[in-house]
Protein chains: 2
Amino acid sequence: MKLKKISEGPGAPSRRRYEEACAAAHALDLVGERWALLVMRELMLGPKRFSDLKADLPGISANVLTQRLEGLEAAGIVTRRRLPPPASTQVYELTPWGYESEPILQALGRWAARSPSHDPSRPLSAVSLFLSFRTMFDPARAEGLAARIGFRFGAETFLVRIADGRLEVARDQLDQAELIFTGSARAVAAAVYGGESLDALAAKGLLSVEGDRALAERFVTLFPLPPKVCPGS
Amino acid sequence: MKLKKISEGPGAPSRRRYEEACAAAHALDLVGERWALLVMRELMLGPKRFSDLKADLPGISANVLTQRLEGLEAAGIVTRRRLPPPASTQVYELTPWGYESEPILQALGRWAARSPSHDPSRPLSAVSLFLSFRTMFDPARAEGLAARIGFRFGAETFLVRIADGRLEVARDQLDQAELIFTGSARAVAAAVYGGESLDALAAKGLLSVEGDRALAERFVTLFPLPPKVCPGS
DNA sequence: CGGCATCCGGGAAGATACTG
DNA sequence: CAGTATCTTCCCGGATGCCG
């Protein structure tokens, strides 16, 4: 049974929900509140702690994050798990069904990438970057390519594997990478989506490239953005 | 630390927006406000007047609808158009880019249809029903089928064409339909998604079927719902 | 430090009434 | 019919503090 506001009886109007049969409207009942989808986005590559979520969602306040996590947990989208004794902290993780919401983020991203007001040069979380890779990856441009590419953003590391026209992302590993980018998610986005050259970014101290340089130059071409909407249309 | 500017020009002081480079977050800046996506949903099959939108979005208030339409127009998602003199009323219509947002509604719908708390027996707008057909249509189940099926919901009429494993929806026409359902969107949803028999619905006076009865029985099987999430998982 | 409760100010959403 | 004006409610965001 759903929790009802104390002030309302059983037939409660459920004030701020749509309560339609339309499944899209129901989705908005579940994840339509502010920050909810972005919290899910940050968990899309694996569990995180409360403070990591707060740090990766600039602007969210602790109480709102608490509320969202409670709501998502009650809806069966997120679970709370306590790590084994050595680190007695708890983490939040998407349920299998929660992970299935990635196509929502992809549809939103594909559509909004065409927006005239979209500015790819703004700040970006690491998870956002790698989810955008999964969304925008063009298998045709990766024809015959097999590679392991590492990323070092501060203390975090990620590995992108490309093979057989597929792209996979893993957290917390760098092993056997032929190529390692070191810098920030924003700097990588500038190279991949902003058209900035690796040399220019290196000269500004924003991004360094170790390993297969030709691979790096090819990598940044694998994620074509859809054309912007022409304002006149 | 961010400081709020009290008075700002059109450059928006980032009042309540995420302002991230992540395209999904930008999408939420554009259409993440309450009611915005449902307004777009109601326009997805063609233009509508203000009062039609208000009637088809139970619970929205006039001022909120006005605000959403203004915001969507400013974002280039909706346009306002005045009909030719005889009917001097104006209608709202999605721009071409606005129409491209349908995959967002489909991703939301596909995902939320698995929700344990989703109840397909609740009220439903006609547009929601036909968009759900576009989302859930299974070409394999429509193998070799070519048909024109009409729907009469009060004063509104719709025509669904199925051919070559594709499904198309048109408003305001019924011509050459081999089959016509008369009743409500909710009653059709009960037959297609709720597993209620056409006989039972007819007995209750909710839905009547004229024309090819065998086609009607087949039609209601063309839109399989994904399995619900098992609560224990 | 991680997680959660509480208080407060501002603003968005909701309901109703009113106008061209 | 197509909105505007006004008032109320309550969510969001920020700060602070408690507790383990």
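A, B, ... follow the sequence lines: proteins, then strands. Residue 1 opens every chain. What you are looking at is a predicted structure, and each value in this text was computed from that prediction instead of being measured.
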- Message: Whether the B:R110 and B:T135 side chains hold a donor-acceptor pair (N or O, under 3.5 Å, no angle test) is what I'd like checked.
- Response: no
- Query: When only distance counts, do a donor and an acceptor, one from the side chain of A:N63 and one from the base of D:dG14, lie under 3.5 Å apart?
  - Reply: yes
- Query: What nucleotide among D:dT4, C:dA15, C:dA13 has an atom nearest to a side-chain atom of B:R34?
  - Reply: C:dA13
- Can you tell me how far C1' of C:dA15 sits from CD of B:Q67, to the nearest Å? 13 Å
- Query: Base, sugar-phosphate, or nothing: which does A:S51 touch, judged by heavy atoms less than 4.0 Å apart?
  - Reply: sugar-phosphate
- Task: Send over the distance from A:W35 CH2 to D:dC11 P, rounded to a whole Å.
- Result: 18 Å
- Selection from D:dC1, D:dG3, D:dG13 that lies nearest to any side-chain heavy atom of B:T89: D:dC1
- Note on the structure: Out of D:dC12, C:dA15, D:dG14, minimum distance to the side chain of B:S61 belongs to C:dA15
- Task: Take the angle between the ring planes of A:F181 and A:F151 and call it parallel below 30°, perpendicular above 60°, tilted in between.
- Result: parallel
- Message: Closest approach to the side chain of A:Q90, judged atom by atom: which nucleotide of C:dG3, D:dG3, C:dA13 is it?
- Response: C:dG3
- Gap between atoms CD and P, on A:E19 and C:dG14 respectively (whole Å): 13 Å
- Looking at D:dC12, C:dG3, D:dT4, which one has an atom nearest to any side-chain atom of B:A62? D:dT4
- In whole angstroms, how far is the P atom of C:dG3 from the CZ atom of A:R68? 18 Å
- Give a yes or no on whether a salt bridge exists between B:R134 and B:E102, defined as a side-chain N under 4.0 angstrom from a carboxylate O. yes
- Item | Sidechain N-carboxylate O distance under 4.0 Å for B:R122, A:E20 | no
- Query: Any side-chain N or O of B:Y18 less than 4.0 Å from the OP1 or OP2 oxygen of D:dG13?
  - Reply: no
- Query: In whole Å, what is the span from the CD atom of A:E33 to the C1' atom of C:dA12?
  - Reply: 14 Å
- Of C:dG14, D:dC12, D:dG3, the nucleotide closest to the side chain of A:R16 is C:dG14
- A:R49 side-chain proximity, nearest of C:dG14, C:dG3, D:dC12: C:dG3
- Item | d(CG, A:L38; P, D:dG13) in whole Å | 11 Å
- Message: Any salt bridge linking B:R34 with A:E33? Criterion: basic side-chain nitrogen under 4.0 Å from a carboxylate oxygen.
- Response: no
- B:D29 CG to C:dA12 P, straight-line distance once rounded to whole Å: 14 Å
- What is the distance from CG of B:L65 to C1' of D:dC1, rounded to the nearest Å? 13 Å
